[in-house]
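Have a look at the structure below before the remarks.
Note that these values count all heavy atoms, side chains included, but never hydrogens, waters or copies made by symmetry.
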Amino acid sequence: MEPEEPGEAAWGRPGGEALGGRGLLELAVASGVAAWATWAALLMPGFRRVPLRLQVPLPPAPPAPPRPAGTPALTGPSPQVPYQPSGPQQVANALALLRERSGKTVDLGSGDGRLVVEAYKQGLRPAVGYELNPWLLCLANYRAWKAGYRGKVSFLKKDLWKVNLSDCYNVIVFLAPSVKPPLAAKLLAELPDEARVVAGRFPFPSWTPTSTLGQGLEQVWAYDMKEVRRVAQSRAEGSPV
């Protein structure tokens with residue numbers, strides 16, 4: 001075997017032994033595991049926990065004041081919502097269902113901010129994202145800066161369960177199915193009749209959408225709160241919907 005040329009870099013182990021195919025495969029696997037661990041450590045902790053007081057399944061009901069502190073709650077750990085970035089078509093479909101609307105627009109669990117930035121581009125202002133993960137907030141602010149919207153859109157480190165939504169007219173929700181029932185109760189209690197909620201990936205199980213767009217993972221659903229309340233009231237009274 002010919003000696004290596006001076007200064008020639010070689011993939012190998014300490015001592016000069018070259019890595020074979022298996023060694024390179026092990027190196028690739030180790031690198032992948034390290035990348036995943038970094039992702040898990042920095043981005044995945046942006047879970048939106050569901051407060052225990054909101055975990056009791058609630059039947060559809062008209063707007064009501066917050067539930068008493070003594071209301072029974074389910075035991076066990078609260079559901080968590082991992083970060084899953086929205087694809088370009090999901091974003092396009094969600095914004096299509098908000099076209100020609102106006103008023104304050106919020107993304108509950110805004111992740112890297114792509115939906116908020118696109119909402120602002122579409123003229124939905126103010127556009128606000130609520131997110132707990134500081135790393136995702138950094139990504140969101142970078143995205144806004146890159147798009148030229150620094151200072152024009154807002155990304156706030158706030159718990160979506162503690163935010164008052166009474167002044168919001170467009171609400172974007174790309175969250176897991178386990179969160180939808182308790183979130184539905186919060187939205188019913190706080191949103192004005194003129195508000196529209198757009199859900200991505202998973203619909204609200206007890207609500208009838210006003211319109212829908214897309215198929216499969218790209219499908220989104222729009223709910224007009226006035227109609228949601230009308231249907232809920234009819235069901236509560238036992239009347240035909």
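- At a cut-off of 3.5 Å, with distance as the only test, no side-chain donor of Glu118 or Gln122 sits close to an acceptor on the other residue.
- Residues Trp207 and Asp224 have side chains not in contact (no heavy-atom distance under 4.5 Å, counting atoms from C-beta outward).
- A continuous path of Ile, Leu, Val, Met, Phe, Trp and Tyr side chains, each step under 4.5 Å between heavy atoms, connects Leu188 with Leu183, placing both in one hydrophobic cluster.
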Let's go through Asp112 and Arg114 carefully: what are the C-alpha distance in whole Å and the side-chain angles of both, what is the deciding distance for salt bridge (Lys or Arg N to Asp or Glu O under 4.0 Å) to 0.1 Å, and is it a yes or a no? CA-CA 6 Å; Asp112 64 5; Arg114 64 186 67 191; 2.5 Å; yes
Starting from the C-alpha separation in whole Å, work towards a yes-or-no answer on side chain to side chain contact (heavy atoms under 4.5 Å, CB included) for Trp161 and Val179. CA-CA 11 Å; Trp161 301 103; Val179 178; 3.5 Å; yes
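- Between the side chain of Asn133 and the main chain of Leu136, a donor-acceptor pair closer than 3.5 Å is present.
- Screening residues 89-120 for ring pair (Phe, Tyr, Trp, His ring centres under 6.0 Å) gives Tyr120-Tyr149 as the qualifying pairs, with residues at least two apart or on separate chains.
- No side-chain donor-acceptor contact under 3.5 Å links Lys104 to the backbone of Val171.
- In Lys226, the NZ atom is not crowded: 12 or fewer heavy atoms of neighbouring residues, nucleotides or ligands sit closer than 6.0 Å.
- Nearest heavy-atom pair, Asn93 versus Gly214, reported as atom, atom and distance to 0.1 Å: ND2-CA, 3.9 Å.
- No chain of hydrophobic side-chain contacts below 4.5 Å, direct or via other Ile, Leu, Val, Met, Phe, Trp or Tyr residues, connects Val220 to Phe202.
- For the atom pair Asp193 CG and Tyr169 OH, the distance stands at 10.0 Å (nearest 0.5 Å).
- Remark: side-chain polar atoms of Thr105 are paired, donor with acceptor, to backbone N or O of Gly103 under 3.5 angstrom.
- More than 12 heavy atoms of other shown residues, nucleotides or ligands fall within 6.0 angstrom of atom CZ in Arg125.
- For the pair Leu175/Leu160, a side-chain contact is recorded, criterion being any heavy-atom separation below 4.5 Å from C-beta on.
- Arg143 is not listed as a side-chain neighbour of Leu139, based on a closest heavy-atom distance of 4.5 Å or more.
- Residue Ala144 comes nearest to Phe155 through the heavy atom pair CB-CE1, 4.0 Å, listed as atom of the first residue, atom of the second, then distance.
- Between Gln233 and the choices Arg235, Arg230, Glu237, the side-chain hydrogen bond (donor to acceptor under 3.5 Å, both in side chains) rule is met once, by Glu237.
- Taking the side chain to side chain contact (heavy atoms under 4.5 Å, CB included) definition, one finds that Ala195 meets it with Leu191, Pro192, Met225, sequence neighbours left out.
- Residues Lys162 and Lys158 have side chains not in contact (no heavy-atom distance under 4.5 Å, counting atoms from C-beta outward).
- When side chains are defined from C-beta on, Tyr130 does not count as touching Ser110, because their heavy atoms never get closer than 4.5 Å.
- Under the 4.5 Å side-chain heavy-atom criterion for ILVMFWY residues, a single connected hydrophobic cluster contains both Leu156 and Leu108.
- Atom CD1 in Ile172 sits 10.0 Å away from atom CG in Leu97 (nearest 0.5 Å).
- Within the 4.5 Å cutoff, no side-chain heavy atoms of Trp221 are placed close to those of Val173.
- Taking hydrophobic clusters as Ile, Leu, Val, Met, Phe, Trp and Tyr residues chained together by side-chain heavy-atom distances below 4.5 Å, Leu115 shares a cluster with Val198.
- For the atom pair OG of Ser211 and OH of Tyr223, the computed distance is 10.0 Å after rounding to the nearest 0.5 Å.
- Both tests hold for Lys180 against Phe204: distance to the six-membered ring centre under 6.0 Å, angle to the ring axis within 45°.
- Atom CG of Asn141 is separated from atom NZ of Lys146 by 14.5 Å, given to the nearest 0.5 angstrom.
- Val116 is connected to Leu137 through a chain of hydrophobic side-chain contacts under 4.5 Å among Ile, Leu, Val, Met, Phe, Trp and Tyr, so both are in one cluster.
- A donor atom on one side chain and an acceptor atom on the other are found under 3.5 Å apart for Arg101 and Asn170.
- Contact check for Pro205 versus Pro177: no side-chain heavy atoms found under the 4.5 Å cut-off.
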With side chain to side chain contact (heavy atoms under 4.5 Å, CB included) as the criterion, how do Leu98 and Arg196 come out once you've worked through the C-alpha distance, each side chain's angles and the decisive distance to 0.1 Å? CA-CA 8 Å; Leu98 294 176; Arg196 169 171 283 194; 3.9 Å; yes
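- At distances below 3.5 Å, at least one donor-acceptor pair connects side-chain atoms of Glu190 with backbone N or O atoms of Leu165.
- Taking all atoms of both residues into account, the shortest heavy-atom contact from Val91 to Ser86 is CG2-CB, 3.8 Å.
- Without hydrogens or angle criteria, Gln90 side chain to Gly87 main chain gives a donor-acceptor distance under 3.5 Å.
- With values rounded to the nearest 0.5 angstrom, Leu124 atom CG is found 12.0 Å from Asp107 atom CG.
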